[in-house]
Protein chains: 2
Amino acid sequence: MKLSTKGQYGVRAMYELAHSYGQGPVSLKTVADRQDISVYYLEQLIAVLRKAGLVNSIRGATGGYVLAREPAAITVGDIIRVLEGPVAPVDCVNDDLPDCCARAAQCITKQIWAQVRDAIEQVIDSITLADMCREAAKANFGEGRSDPE
Amino acid sequence: MKLSTKGQYGVRAMYELAHSYGQGPVSLKTVADRQDISVYYLEQLIAVLRKAGLVNSIRGATGGYVLAREPAAITVGDIIRVLEGPVAPVDCVNDDLPDCCARAAQCITKQIWAQVRDAIEQVIDSITLADMCREAAKANFGEGRSDPE
DNA sequence: TGCAAATCCGATTGAATTACTAGGAATTGC
DNA sequence: GCAATTCCTAGTAATTCAATCGGATTTGCA
């Protein structure tokens with residue numbers, strides 16, 4: 001039941017873009033430095049996010065990345081699904097794979113995994129990047145993360 | 001966010017033992033046949049469950065396995081934790097690893113993962129093997145799974 | 001007493017995944 | 001034209017997954 005670093009790093013990187021939303025593109029190097037992530041690795045993750053339409057890129061010298069939508073319109077669930085795939089603990093409750101299990105009909109565990117999936121989705125689909133920014137602003141009242149650069 | 005087959009098979013195997021609870025030991029071969037699991041593989045999983053005190057074994061010719069507690073006293077969460085480890089989506093909200101992340105203090109994502117963990121736990125810790133047997137009995141009213149052997 | 005059925009235990013293995021690392025091409029602001 | 005950036009592809013060491021196998025030990029039963 002682990003989330004890989006793809007999802008973890010992805011959410012942190014997207015938060016960083018949300019944090020600077022409206023102030024022009026942010027370079028990957030900046031994001032990587034602020035969140036302690038390898039630039040090379042982050043490069044791959046952001047490519048997936050870009051292809052999924054969650055971020056836009058600006059090439060060239062002062063280029064970087066920008067959220068494709070406003071922070072309030074992107075949820076943690078959006079990011080995780082793009083980077084980790086469907087949030088189904090097992091394939092038989094993954095709607096993208098309708099008939100993956102021959103035992104589905106008589107399987108007693110299927111409804112349990114569906115409940116787990118729903119519980120996870122309810123959390124991650126209700127938290128937006130805007131929510132995260134709000135939380136961070138509240139928490140850092142007077143310390144640390146108010147550095148102007 | 002996937003559950004490995006360890007957890008899936010483990011829950012199904014434990015359900016099978018619950019299904020025959022009070023009727024003497026059930027051999028691994030029987031469990032494996034009924035749940036379409038490799039006996040060799042299941043052998044490894046049941047060994048873990050035994051060492052964790054969830055099942056007892058009876059060796060010898062008519063031996064097999066028996067739940068160590070009554071079905072109502074074993075939850076899906078018990079089984080998953082034994083076979084898959086702590087249900088923390090990331091290590092920083094795993095209570096067994098107190099100081100695994102230097103960024104914990106200023107990390108905005110930590111509380112999200114804690115919410116995900118809690119949501120999962122609320123589901124799997126509230127479902128017992130007895131619940132599963134009850135559900136199965138309800139569902140199979142008149143079809144299939146009432147085979148006398 | 002011996003056979004068969006079972007649990008036990010440890011080793012191996014092919015495939016996939018993870019988390020990077022690296023190299024180099026293309027784009028663009030200054 | 002140079003430096004900073006995005007873009008694309010490939011490689012790679014380590015780990016985990018999901019079995020598979022061989023053989024030792026225990027025990028019920030004829």
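Chain identifiers are assigned alphabetically (A, B, ...) following the order of the sequence lines, protein sequences preceding nucleic acid strands; residue numbering begins at 1 within each chain. Note that the structure is predicted; figures quoted are calculated from it, not measured.
Taking atom CG of A/Leu45 as the reference point, atom P of C/dT18 lies 11 Å away to the nearest angstrom. Atoms CD (A/Glu43) and P (D/dT9) sit 12 Å apart, rounded to a whole Å. The interatomic distance linking A/Ile58 (CD1) with D/dT6 (P) rounds to 9 Å, in whole Å. Straight-line distance from the CD atom of B/Gln35 to the C1' atom of D/dA18: 17 Å, rounded to whole Å. The separation between A/Leu28 atom CG and D/dC8 atom P is 13 Å, rounded to whole Å. Note: CD1 (A/Ile37) to C1' (C/dT21) measures 16 Å, nearest angstrom. B/Ile46 has its CD1 atom 9 Å from the P atom of C/dT7, to the nearest Å. With rounding to whole Å, B/Lys51 atom NZ is found 9 Å from C/dC8 atom C1'.
Side-chain heavy atoms closer than 4.5 Å link hydrophobic residues (I, L, V, M, F, W, Y) into clusters, and following such links, possibly through other members, connects B/Val31 to B/Tyr41.
A/Tyr40 has no side-chain polar atom (N or O) that falls below the 4.0 Å cut-off from OP1 or OP2 of C/dC20. Distances shown here put every side-chain N or O of A/Arg50 at or beyond 4.0 Å from the OP1 or OP2 atom of D/dT6. Between B/Thr5 and D/dC17, a side-chain N or O to OP1/OP2 separation shorter than 4.0 Å is absent. Phosphate proximity of D/dC17 to B/Lys6: present, with a side-chain N or O under 4.0 Å from OP1 or OP2. Here B/Ser38 does not reach the OP1 or OP2 of D/dA19: none of its side-chain N or O atoms lies under 4.0 Å away. Within the structure, a side-chain polar atom (N or O) of A/Ser57 is placed less than 4.0 Å from OP1 or OP2 of D/dC7.
Both B/Gln44 and B/Gly63 lie near DNA chain C, and the one whose nearest nucleotide falls closer to the 5' end is B/Gly63. Where A/Thr62 and A/Tyr9 meet DNA chain C, the nucleotide closest to each residue was compared, and A/Tyr9 sits on the side nearer the 5' end. Nearest-nucleotide positions on DNA chain D for B/Glu84 and B/Ala61 put B/Glu84 closer to the 5' end.
Residues B/Ile112 and A/Tyr15 have side chains not in contact (no heavy-atom distance under 4.5 Å, counting atoms from C-beta outward). A/Tyr21 places a side-chain heavy atom less than 4.5 Å from the side chain of A/Glu70. When side chains are defined from C-beta on, B/Glu135 does not count as touching B/Ile127, because their heavy atoms never get closer than 4.5 Å.
The side chain of B/Ser4 lies closest to D/dA18, out of D/dA18, D/dC8, D/dT20. Among the nucleotides D/dA3, C/dA19, C/dT7, the one closest to any side-chain atom of B/Tyr65 is C/dT7. Nearest to the side-chain atoms of B/Tyr41 among the listed nucleotides C/dA5, C/dA22, D/dA19 stands D/dA19.
No N or O donor and acceptor, one from the side chain of A/Arg59 and one from the base of C/dT27, sit under 3.5 Å apart.
Judged purely by distance below 3.5 Å, without hydrogens or angles, the side chains of A/Asp33 and A/Thr30 never pair a donor atom with an acceptor atom.
Put simply, the residue from B/Arg81, B/Met14, B/Met132 that forms a side-chain contact (heavy atoms from CB on, under 4.5 Å) with B/Val76 is B/Met132.
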